[in-house]
Protein chains: 2
Amino acid sequence: MRDTRPYHHGDLRRTLLAAAAEAITESGPAALSLRDLARRAGVSHAAPAHHFGDKAGLLTALAAEGFGLLADELDRTRAAGGGVLDAGVGYVRFAVAHRAHFSVMFQPDLLNRTDPELLAAQDRASGALRSAVATVEAPQRRGADARIAGLSAWSIVHGFATLWVSGALPADLGGDPEEAARQVIRPLFAPG
Amino acid sequence: MRDTRPYHHGDLRRTLLAAAAEAITESGPAALSLRDLARRAGVSHAAPAHHFGDKAGLLTALAAEGFGLLADELDRTRAAGGGVLDAGVGYVRFAVAHRAHFSVMFQPDLLNRTDPELLAAQDRASGALRSAVATVEAPQRRGADARIAGLSAWSIVHGFATLWVSGALPADLGGDPEEAARQVIRPLFAPG
DNA sequence: GCTGCTAACTTGACACCGACAAGATTGGAG
DNA sequence: CTCCAATCTTGTCGGTGTCAAGTTAGCAGC
């Protein structure tokens, strides 16, 4: 909080994660450079490695943060009394609002898959996901057990989110991802 | 076809694309190195750049090849008289069989988005996709127009494929992606 | 206030990579 | 046989990730 940069940054870890999210949002995970992050944060080129050990370590931390944010989002819609449809829209809202996190969370080749923090965050998110699906009214699941129903919901929501953030969807869908998501997802939950 | 390597490789472009697919299958697109591909093909480190101009150029060519293969797959199921469900399973089959292509096709930050060959291949694939969805029997679309129905189908299929190849799905689904896909996708097409 | 300790950060170095320029080799058209 | 264009090589440059060793800052205990 001083006007001159102290030797100890004080909050470098969080600063680097924020800078990484910004850089990835701008130009994707492939173009990310630890040295560029260091420059943005005003520290030496090797400082990031001290906090994350590795480039994969930084991306792993970002992914873990992402799973936490996703769990937060799902818990929020659940607390607001929303159903599966709302949870699905929340999933898409998360992906669009935190594109950088989302684009890293499901690319295992960029991450340390066994990192304990990552695993814990994944567990929390998948728990929140399961809770959201558990709110489906029973008649909508007839003919398929709950596990399959959950995977169907996850698939359609994840697919739409992925296609949206990758820009693969047709432009005539409009600019509002949540509204578009609601329309596209609805057929699965309200057949007929 | 001679036993000694001629100065002109003769088929370097295809060889490099195959090597790239193999390398990406092994360790993901991020770890791909043009120099490593050159080593695998037994050529000098700058040879790849001559054919593709750029690392993005190589990945773009791979993505274009991927869209072509996807269109082939969809055309094949259509020619075999399959319905939307079969087309969806075919989509997943393609993603699993050509994981390297698939993992590059929807990452625009790795590609030259305006490459004419890529655009042509995308057009062909999306045409095949639209044809597949058009085979949906009318009653299954009531309440939603054809465009939305197509996006729903694409979303659930793309989501399942993405989650499968990223290893995010629970292990108790078994090892057969096509059978699992059929179960997960069905609820969208055969509600009730 | 001083000492010692640990975490945070810097400096320097090395191998690797993508990209570019310039040269060498080849096959084929005329 | 000549010439040309495409293919591939060689050499080089700046940038990057990672490691090792050194430097600084905060902090507990005396």
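A, B, ... follow the sequence lines: proteins, then strands. Residue 1 opens every chain.
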Nucleotide nearest Ala46(A) when distance is taken to its side chain, options dC17(C), dT16(D), dT10(C)
dT10(C)

Looking only at dA21(C), dA13(C), dG18(C), the nucleotide nearest the Arg35(A) side chain is dA13(C)

Please list all pairs meeting ring-ring contact (aromatic ring centres under 6.0 Å, His included) that have one or both residues in residues 40-84 of chain A, counting only residues at least two apart or in different chains.
Phe67(A)-Phe106(A)

Would you kindly compare Leu34(A) and Ser44(B) by the position of their nearest DNA chain D nucleotide and give the one closer to the 5′ end?
Ser44(B)

Take the protein atom CG of Leu32(A) and the nucleotide atom P of dT18(D), then report the distance between them rounded to whole Å.
11 Å

For the ring pair His98(B) and Phe102(B), is the centre-to-centre distance below 6.0 Å?
no

Go through dG18(C), dT11(C), dA8(C) for me and flag the one nearest to the His51(A) side chain.
dA8(C)

Within the structure shown, what part of the strands sits under 4.0 Å from Asp36(A) by heavy-atom distance: base, sugar-phosphate, or nothing?
nothing

Under 4.0 Å, counting only non-hydrogen atoms across every strand here, what does Ala47(B) touch: a base, just sugar-phosphate, or nothing?
base

Say whether, by atom type as modelled, one donor and one acceptor occur between the side chain of Arg124(A) and the main chain of Ala71(A) under 3.5 angstrom.
no

Take atom NZ of Lys55(B) and atom C1' of dG15(D), then tell me their distance rounded to the nearest Å.
13 Å

By nearest atom, which of the nucleotides dA19(C), dT16(D), dT9(D) is closest to the Asp54(B) side chain?
dA19(C)

Go through dT10(D), dC8(D), dT16(D) for me and flag the one nearest to the Arg39(A) side chain.
dT16(D)

Using a distance-only criterion (donor-acceptor N/O pair, under 3.5 Å, no hydrogens), is the base of dG15(D) paired with the side chain of His45(A)?
no

Touch check for Ala49(B), heavy atoms < 4.0 angstrom, all strands: base, sugar-phosphate only, or nothing?
nothing

If we ignore hydrogens and angles and just use 3.5 Å, is the side chain of Asn112(B) paired with the main-chain N or O of Thr114(B) as donor and acceptor?
no

